[in-house]
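Quick notes on the structure that follows.
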Amino acid sequence: MPGMETDVIDTLVGIKPGSALDAIRDRRPDARKEAQASYRALFAPEIPGEVTATERFAVAAFVTGLHGDAETAAFYAAGLAASGASAELRGAIDTAIAAAKGQGPFGSYPAGLLSREDTPGPTHRVAPEIRRAVGPRLAAAFDHMHLLVFHPRDAAPAALQALLDAGWSTTDIVTLSQIAAFLSFQIRVVAGLRVLAGAV
């Protein structure tokens with residue numbers, strides 16, 4: 001799998017040993033180490049449980065595709081291919097990403113002062129033909145990831161029930177949530193370091 005032997009964030013930013021950005025990252029060695037450890041734990045865990053490598057990278061490819069960073073999305077697409085995903089599945093995921101892209105975030109806060117920031121926006125459901133191609137588990141996962149990326153304010157128990165109904169266990173759902181949270185963190189760190197790269 002890509003990124004297991006080299007630091008993923010360094011790879012995505014293009015950080016070279018001994019460079020100015022390498023020195024900046026070395027100021028926070030624990031943060032650097034833990035970010036890479038989190039990547040390994042989520043995408044090559046010693047005890048994978050019921051979430052397969054293909055499912056992990058499929059979800060990551062979908063989420064990074066929604067975020068719109070081409071290099072990060074390509075990295076996880078390569079991981080999906082390396083996991084053994086068929087060309088048909090990879091093509092269906094690309095179609096799912098194209099259909100689900102948007103701007104966001106959308107959603108409503110509980111009635112109160114924050115209601116002025118309510119923003120209506122479309123919800124997303126994987127199309128039937130894509131659902132057939134990727135299967136019910138991934139289709140439900142993609143719907144949930146779209147909710148977390150574009151409608152985080154609207155997360156509710158019904159969304160978790162949809163995952164359970166599709167065959168994800170409660171432990172699996174924790175893994176999906178961890179992947180989504182990690183990718184949000186990683187994408188932002190990479191974006192910030194790329195900005196710094198232009199200033200050093």
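Owing to the predicted nature of the structure, the values given are computational and were not obtained by experimental measurement. Here, residue 1 is the first one in the sequence, and each next residue gets the next number.
- Both Val13 and Ile24 sit in one connected hydrophobic cluster of ILVMFWY residues. Membership requires side-chain heavy atoms under 4.5 Å apart, directly or through other members.
- When all heavy atoms are compared, the tightest approach of Ala58 to Leu80 is N-CD1, 3.7 Å.
- Looking at Arg194 and Glu71, a side-chain N of the basic residue comes within less than 4.0 Å of a carboxylate O on the acidic one, giving a salt bridge.
- The structure places CG of Leu66 at 5.0 Å from CZ of Phe150, a figure rounded to the nearest 0.5 Å.
- Using cut-offs of 30° and 60° for the angle between ring planes, the Phe142 and Phe62 rings count as parallel.
- Residues Pro48 and Arg56 come closest through the heavy atom pair O-NH2, 2.7 Å.
- The closest donor-acceptor contact from the side chain of Gln36 to the backbone of Thr6 lies under 3.5 Å.
- Nearest heavy-atom pair, Val134 versus Ala92, reported as atom, atom and distance to 0.1 Å: CG1-CB, 3.8 Å.
- Using a 4.5 Å heavy-atom cutoff, the side chains of Glu55 and Ser83 are not in contact.
- The shortest distance between side-chain heavy atoms of Thr95 and Glu129 does not fall below 4.5 Å.
- Shown here for Leu176 and Ala141, the closest heavy-atom pair between the two residues is CD1-CB, 4.3 Å.
- Between Asp143 and His146, every side-chain heavy-atom pair lies at or beyond the 4.5 Å cut-off.
- Minimum interatomic distance between Thr64 and Ala73 (heavy atoms only, all atoms of both residues): OG1-CA, 3.4 Å.
- Put simply, the side chain of Gln186 reaches to within 4.5 Å of the side chain of Val8, judged on heavy atoms.
- In this structure, a donor-acceptor pair under 3.5 Å is present between the side chains of Asp172 and Ser169.
- Here CZ of Phe43 is found 6.5 Å from CZ of Phe182. Values are rounded to the nearest 0.5 Å.
- Rounding to the nearest 0.5 angstrom, the gap separating the CZ atom in Arg90 from the CD1 atom in Ile93 is 9.0 Å.
- Minimum interatomic distance between Lys101 and Gly65 (heavy atoms only, all atoms of both residues): CE-O, 3.2 Å.
- Counting heavy atoms from C-beta on, the side chains of Leu196 and Leu21 come closer than 4.5 Å.
- A side chain to side chain contact (heavy atoms under 4.5 Å, CB included) with Thr54 is found for exactly one of Leu89, Val59, Leu138, namely Leu89.
- Cluster annotation: Ile179 and Val174 are assigned to distinct hydrophobic clusters (Ile/Leu/Val/Met/Phe/Trp/Tyr, side-chain heavy-atom contacts under 4.5 Å, transitive).
- Residues that satisfy the salt bridge (charged side-chain N to carboxylate O under 4.0 Å, His left out) test with Arg32, not counting sequence neighbours, are Asp10, Asp22, Asp26.
- To the nearest 0.5 Å, the span separating NZ on Lys33 from OG on Ser38 amounts to 12.0 Å.
- Remark: the Ser184 side chain and the Arg188 side chain contain an N/O donor-acceptor pair separated by less than 3.5 Å.
- A distance of 7.0 Å separates NE2 of His144 from CD1 of Ile173, quoted to the nearest 0.5 Å.
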Between side-chain atoms of residues 158-168 and protein atoms elsewhere (two or more places apart, or another chain), which donor-acceptor pairs fall under 3.5 Å?
{"from": "Gln161", "atom 1": "NE2", "to": "Asp165", "atom 2": "OD1", "distance (Å)": "2.8"}
{"from": "Trp168", "atom 1": "NE1", "to": "Arg137", "atom 2": "O", "distance (Å)": "2.7"}

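- Counting heavy-atom neighbours within 6.0 Å of Gln178 CD, excluding the residue itself, gives a total above 12.
- Summarising the geometry, atom CD1 belonging to Ile187 is positioned 9.5 Å from atom CG belonging to Leu12; distances are rounded to the nearest 0.5 Å.
- Here the side chain of Arg131 pairs no donor or acceptor atom with the backbone of Ala127 at under 3.5 angstrom.
- Of the possible polar contacts, none joining the Ser19 side chain to the Ile15 backbone as a donor-acceptor pair under 3.5 Å is found.
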